[in-house]
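Shown next, in structure tokens, is the structure this report addresses.
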Amino acid sequence: LKLSLMLTELLKLSLILTELLKLSLIDTELLKLSLMLTELLKLSLILTELLKLSLIDTELLKLSLILTELLKLSLILTELDKLSLILTELLKLSLILTELLKLSLMLTELLKLSLMLTELLKLSLIDTELLKLSLMLTELLKLSLMLTELLKLSLILTELLKLSLIDTELDKLSLILTELLKLSLIDTELLKLSLILTELLKLSLIDTELLKLSLIDTELDKLSLILTELLKLSLIDTELLKLSLIDTELDKLSLIDTELLRLSLIDTELLKLSLIDTELLKLSLIDTELDKLSLILTELLKLSLIDTELLKLS
């Protein structure tokens, strides 16, 4: 009964060993999964680096677009500088036109004076004065030609006034350009801030990576704890293996016991056979005694026959 109980315990231990073997297989699977997780973490890190590179590419594209806009603005500024030079020239021409307008007013006054002089010349010495007037008329004709030129210049002045209006518009544009330059400076500041922000984003990404690494450390700590548990289980496995070896030894002993039982049974059978042999020997001895008795009886019969023969003879 004790051996049966021990055998039941050994069977339980064997079941526990099978479970532990299953746990060892699960441990191997967990190790494989941990390796796969490390590979996945490496791939995630590579993906984060690629995302960083994509963000940098987008930022570079944005900067390139901003640079193209700035180049366009610089070209516009150069054009505006040229226009400002043209405006200065036009201002000079407008001053000349104002002087010419003054001269035209003076000529109108001279014309009035010439008319008055003609009236006076009519009243005075007509002949002498007529010559002078003819000379003056020639001069006036020259002046009329000059007036026509002045009219042309007045038209030019009107155009110049229009250009002055354009200059005012250009001044406004120059003010707008100054504002744009200020905005460009603000854009440069914003670009600096964007660079700082990119650095901060990089730092934040580094922080996220550190957090991931901390999480990985926690996971590794958990895995280390699991490994310690697994080591404990492996120690338990070793103990169970020792117990299994003990079980095997006990099985051997049980087999030896069974063999001994068989031998004991054989011994009992042999004892029975020996008893039977003893009985047979006794029977054989009885047979021998009976044989002796039968011999004696035969002898007695022979003697009786002899006696009968002797009786007959007598």
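We count residues from 1, following the sequence as given. These figures come from a predicted structure and were not determined experimentally.
- Residues Leu30 and Leu37 do not share a hydrophobic cluster, clusters being chains of Ile/Leu/Val/Met/Phe/Trp/Tyr side chains in contact below 4.5 Å.
- A search for side chain to side chain contact (heavy atoms under 4.5 Å, CB included) contacts involving Leu11 returns Ser14, not counting sequence neighbours.
- Evaluation of the salt bridge (charged side-chain N to carboxylate O under 4.0 Å, His left out) rule for Glu259 yields Arg262 as partners, not counting sequence neighbours.
- Distance check, rounded to the nearest 0.5 Å: CG of Leu295 to NZ of Lys302 gives 9.0 Å.
- Leu83 meets the side chain to side chain contact (heavy atoms under 4.5 Å, CB included) test with Leu80, Ile86, Leu170; sequence neighbours excluded.
- Placement of Ile26 and Leu20 within a single hydrophobic cluster is found when ILVMFWY residues are connected by side-chain heavy-atom separations under 4.5 Å, directly or transitively.
- For Glu99, there are no side chain to side chain donor-acceptor pair (under 3.5 Å) partners at least two apart in sequence or on another chain.
- Taken from CG in Leu73 to CG in Leu67, the straight-line distance is 11.5 Å, to the nearest 0.5 Å.
- Residues passing the side chain to side chain contact (heavy atoms under 4.5 Å, CB included) test with Leu215 are Thr218, sequence neighbours excluded.
- With sequence neighbours excluded, the residues forming a side chain to side chain contact (heavy atoms under 4.5 Å, CB included) with Leu35 are Thr38, listed by chain and number.
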